[in-house]
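Quick caveat: nothing in here was measured; it's all calculated off a predicted structure. Residue numbers count from 1 along this sequence.
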Amino acid sequence: MGMDVWACSITVALGVIYVCLGSGRIIITRLSANEDKKYDYLPITVNVCAEAVKLLVCGALSYRYLQQEGRKLHSIYQQTSWQEMLKVMKWSVPGLLYFMDNLIGFFVISFFDPALVVLLNNFVIISTSILFRVVLKRKLSSIQWASLVVLFLAIVSLSNQAHSTNMHFQHTHIHHAINISSLPSNPKCSSQKIVADTTLKDIDEPEILDRGRRAVGNTAFILNRGHMLVLLQCFISSSANIYNEKIFKEDHGMDESIYIQNSKLYLFGVFFNALTLLVDKRFRRHIFQCGLFDGYNSYTTLLIFVTALQGLTISLILKFRDNMFHVMSQQLVTVAVITLSVFFIGFTPSLDFFLQAPTVLIAIFIYNKSKELSSSEEVDSGDNNGTLLASEEELEQLTMRLSVISDEETV
């Protein structure tokens, strides 16, 4: 009984910590941008620093763990064979996927308000279900597929509302969102207050608004790069979490220390992020001329540690819980971010938002409830089968007794 309460408490604590960090990260990312919803710093440098912080924490904990086990680092290196090195390389796959996921996250927030970002990110339920069906061969009921269709339609409707209500930022976003971390050929440091040139510098705001009105009037739905990035991020995030959970638990993974496993993962995370800074000529020139922390503010510094703590929490969830627990915790992040956006970001929900946002949550509720019903039906069918088997055994015993009695009467 005591162990069950302790396990339940740990599960609740993981969920609460993840919700706080997940919602805080999205809000802080928006606050770290300037008034034009662009970043004065290189977003990839935040990911490099966050991966480095996670690697240092897990490296220190791994060293302490090895000391408690009476093992030394050089003994591990001496016993490592080529086969063991190849097993370490499997951690490069989630390392690369998480690198892409974190970087795309900055671009997505430049298109939509944080409240809409978390609602659109609920598409991860659809991508996770598809990957479960294709990769893990897990079947979904007809009710679950119907709820996923409703969820998809609600997300498309919300994204279209985001496009129409924020149309006066549309042209600026299209030009900058994908190139938000890119620099001109001769980069200027943000401390000099010089901003990169844009193709809209000669266009005044009324003309942009007029273009937006004409665009909204000409078509009911406008697909921009923000929608494509949301879809891409959801599939990358689902793939990373599913594969990471697999290698966390496969073979003797549950017996291996999570500190050592995370050290391998974050080592590749630092490698991929740092390699991007060094390979790209514009990034490299900017780092050498202006420094790694150029354009940073207090929110950016806080974002590094929040991102690192969130990554550590996700690893604990995937190791000791499962990916679906992580996906369901994300739904609480949706509620938290919408609430925080109203108070801190100045987000003003419209009537359409109030009518469409509950549709997303209701679809998620139906999806989860149908899973519980299918599980309970399997348990009931198992109990019924057991009852039938027990009844058959009792019938056989009764038949044998009656046959014995009839034999005695005959004698």
Would you check if the side chain of Asn34 reaches a backbone N or O of Asp36 as a donor-acceptor pair within less than 3.5 Å?
yes
Going by side-chain hydrogen bond (donor to acceptor under 3.5 Å, both in side chains), name the pairs with one or both residues in residues 8-23, residues two or more places apart or in two chains.
Tyr18-His326, Tyr18-Gln330
Check whether any side-chain heavy atom of Ser315 lies under 4.5 Å from a side-chain heavy atom of Phe248, and answer yes or no.
yes
Closest approach of Leu55 and Ser263, non-hydrogen atoms and distance?
CD1-O, 3.5 Å
Salt bridge flag under 4.0 Å for residues Glu256 and Lys264:
yes
Can you find a side-chain donor-acceptor pair between Tyr41 and Ser32 that sits under 3.5 Å?
yes
Note: Val117 and Ile109 closest approach over all heavy atoms is CG2-CA, 4.1 Å
So does Ala240 get a backbone contact from the side chain of Asn244, meaning a donor-acceptor N/O pair under 3.5 Å?
no
For the residue pair Val149 and Trp145, establish whether any side-chain heavy-atom pair is separated by less than 4.5 Å.
no
Honestly, is Arg285 close enough over Phe288, meaning NZ or CZ under 6.0 Å from the six-membered ring centre and within 45° of the axis?
no
Between Lys249 and Asp322, is the salt bridge (charged side-chain N to carboxylate O under 4.0 Å, His left out) condition met? List the steps.
CA-CA 10 Å; Lys249 299 177 179 179; Asp322 54 38; 5.8 Å; no
Answer yes or no: is there a donor N or O on one side and an acceptor on the other, between the side chain of Ser238 and the main chain of Cys234, under 3.5 Å?
yes
Student check: side-chain heavy atoms of Phe305 and Leu21 closer than 4.5 Å
no
How close do Phe283 and Thr276 get, counting heavy atoms only, and between which atoms?
CD1-O, 3.7 Å
Could you tell me whether the side chains of Glu51 and Asn273 share a donor-acceptor contact shorter than 3.5 Å?
no
Any chance you could measure Asp101, atom CG, to Ile236, atom CD1, to the nearest 0.5 Å?
7.0 Å
Any salt bridge between Lys90 and Glu250, counting N to O under 4.0 Å?
yes
Within the structure provided, determine whether Phe123 and Phe235 are in side-chain contact (heavy-atom separation under 4.5 Å).
yes
Quick one: closest heavy-atom pair of Val19 and Val333, and the distance?
CA-CG2, 3.8 Å
Around atom CZ of Arg284, are there more than 12 heavy atoms of other residues, nucleotides or ligands at under 6.0 Å?
yes
Which pair of heavy atoms, one from Gly95 and one from Phe272, lies closest together, and at what distance?
C-CD1, 3.9 Å
What distance separates Ser257 OG from Gln68 CD, expressed to the nearest 0.5 Å?
9.5 Å
For Ile130 and Val134, what are the C-alpha separation, side-chain angles and deciding distance, and is it a side-chain contact (heavy atoms from CB on, under 4.5 Å)?
CA-CA 6 Å; Ile130 294 175; Val134 175; 4.2 Å; yes
Assess whether side-chain contact (heavy atoms from CB on, under 4.5 Å) is satisfied between Lys319 and Met254, documenting all intermediate values.
CA-CA 8 Å; Lys319 172 83 172 182; Met254 294 302 296; 4.3 Å; yes
Find out whether Ile338 and Thr334 are in side-chain contact, i.e. whether some heavy atom of one side chain is under 4.5 Å from a heavy atom of the other.
yes
Are the side chains of Thr45 and Leu42 in contact, using a 4.5 Å heavy-atom criterion?
yes
In Å, rounded to the nearest 0.5 Å, how long is the span from CG of Leu265 to NZ of Lys54?
7.0 Å
So that I know where these two stand, are Phe293 and Tyr296 an aromatic pair - ring centroids less than 6.0 Å apart?
yes
Say whether, by atom type as modelled, one donor and one acceptor occur between the side chain of Asn297 and the main chain of Thr300 under 3.5 angstrom.
yes
CG-OH distance between Leu61 and Tyr63, expressed to the nearest 0.5 angstrom:
13.5 Å
With side-chain contact (heavy atoms from CB on, under 4.5 Å) as the criterion, how do Phe106 and Leu303 come out once you've worked through the C-alpha distance, each side chain's angles and the decisive distance to 0.1 Å?
CA-CA 12 Å; Phe106 284 95; Leu303 180 61; 3.9 Å; yes
Mind running side-chain contact (heavy atoms from CB on, under 4.5 Å) on Phe325 and Leu318 for me, showing each step along the way?
CA-CA 8 Å; Phe325 177 83; Leu318 296 179; over 6 Å; no
Is any side-chain heavy atom of Tyr299 closer than 4.5 Å to a side-chain heavy atom of Arg30?
no
Using 0.5 Å steps for rounding, measure from the CD1 atom of Ile125 to the OG atom of Ser147.
8.5 Å
Atom OH of Tyr259: over 12 foreign heavy atoms under 6.0 Å
no
Of all the heavy-atom pairs spanning Leu229 and Ile104, show the shortest one and how long it is.
O-CG2, 3.8 Å
Ring centroid separation Tyr243 to Trp91 under 6.0 Å
no
Return yes if some donor-acceptor pair links the side-chain N/O of Arg25 with the main-chain N/O of Val306 below 3.5 Å, else return no.
no
Does the side chain of Leu56 reach to within under 4.5 Å of the side chain of Tyr266, using non-hydrogen atoms?
no
Classify the side-chain pair Asn102/Asn47 by whether it contains a donor and acceptor separated by less than 3.5 Å.
no
Got a second to check how far Leu277's CG is from Leu292's CG, nearest 0.5 Å?
7.0 Å
